[in-house]
Structures are given as structure tokens and as C-alpha cells.
Amino acid sequence: QLQVVESGGGLVQSGGSLRLSCAASGFILTHYATAWFRQVPGKEREGVSCISTDGKMTKYADSVKGRFTMSRDIAKKTVHLQIDSLRPEDTAVYYCAAVPPAMFGLCVLDKTQYVYWGQGAQVTVSS
């Protein structure tokens, strides 16, 4: 069964940091283009960051540039999102998503391009 699982969410004070992790079962996540999205109730799921299949391209939403860093651990076959300088408006459920290289290998913040999705990790930032 092909699955993606996020971990590392939690409650943090404004200005604090969190590190989200994403792992997969049934496939090697670091062979896939992957992305992080987030969603708050009543709003569209928005792209936060992505990394291409070859790992050479990353992209960030304007609202998180300079604060969020996406990376991959090739040895552990995991993907991470380091979130610094957290703000209350970063409160959301964060989702990890992946797409097979045969379908798409670039880095785009378009949720329609991604096939495998995790269940989400809640990040809550208190002011």
C-alpha cells in the first residue's frame, strides 16, 4: 500500500520553530517530486513549498520565504519542512504530497499535480 505520513506537528508560541517530517511506505519518497501544502478550515489548500525529483529545484510561497526550509534526507528517504519564526497565521493542517517521477518531476505549488497525500499534521501557533 502506498502511503505518505507526516509527523512533527504541535503547538508552538509565536516566533518559535517546528520541524515537520514526511515518510512514505510502498515507495521511496526521495525519488519523487514532493511538496508541502497547508489548509485552514473554510479555505483552499495552499502550496507552501516543493522540491523537484532530482532535488535541484525548490520553491516557496511568498508568505513563507525566508522562514520555511524544505529538505530531503536521502539516507533516511524522508522529506522535511523546517519552520522558523512561526506566526499565528501559519496555524493550519500541513500536508505532505508526492507525485511519481514518471508523471511529473518538477517543483510546482499546484495541488492538482500531486497523487499521494498524507493525513496531515496540525500546527498551531499561539500569539
Test log, rule side chain to side chain contact (heavy atoms under 4.5 Å, CB included), inputs T53 and F104: CA-CA 8 Å; T53 301; F104 196 79; over 6 Å; no
Testing the basics here: between S49 and M70, what is the closest heavy-atom pair and its distance to 0.1 Å? OG-SD, 3.3 Å
Taking the side chain as every heavy atom from C-beta outward, state whether W36 and C50 have any atom pair closer than 4.5 Å. no
Ignoring hydrogens, what is the shortest heavy-atom contact between M57 and C107? Give both atom names and the distance. SD-CB, 3.6 Å
Let me check something: do L109 and V79 share a hydrophobic cluster, defined by ILVMFWY side-chain heavy atoms less than 4.5 Å apart, either directly or through other members? no
Cluster check V115, L29: I/L/V/M/F/W/Y, side chain < 4.5 angstrom: yes
How close do R38 and S63 get, counting heavy atoms only, and between which atoms? NH2-OG, 3.5 Å
Listing, residues 14-27 side-chain donor-acceptor contacts under 3.5 Å, not counting sequence neighbours, or none:
{"unit_1": "S14", "atom_1": "OG", "unit_2": "L86", "atom_2": "O", "d": "3.4"}
{"unit_1": "S17", "atom_1": "OG", "unit_2": "D84", "atom_2": "OD1", "d": "2.8"}
{"unit_1": "S21", "atom_1": "OG", "unit_2": "H80", "atom_2": "ND1", "d": "2.9"}

Determine, using the 4.5 Å side-chain heavy-atom cutoff (strictly less than), whether M103 and I51 are members of one ILVMFWY cluster. yes
Kindly give the heavy-atom pair with the smallest separation between A121 and E6, and that separation in Å. CB-CB, 4.0 Å
Is there a continuous path of hydrophobic side-chain contacts, each under 4.5 Å between heavy atoms, that joins V123 to L11? no
Closer than 4.0 angstrom, basic N to acidic O: yes or no for D62 and K65? yes
Ignoring hydrogens, what is the shortest heavy-atom contact between S127 and P88? Give both atom names and the distance. CB-CG, 3.8 Å
Specify the closest pair of heavy atoms between V64 and V48, including all atoms of both residues, with the distance to one decimal. CG2-O, 3.6 Å
Partners passing side chain to side chain donor-acceptor pair (under 3.5 Å) against S52 (at least two apart in sequence or in another chain): D54
Please tell me whether V40 and F37 are part of a single hydrophobic cluster in this structure, the criterion being side-chain heavy atoms less than 4.5 Å apart. no
Sequence neighbours excluded - side chain to side chain donor-acceptor pair (under 3.5 Å) pairs with any residue from residues 108-119: E44-K111, D110-T112
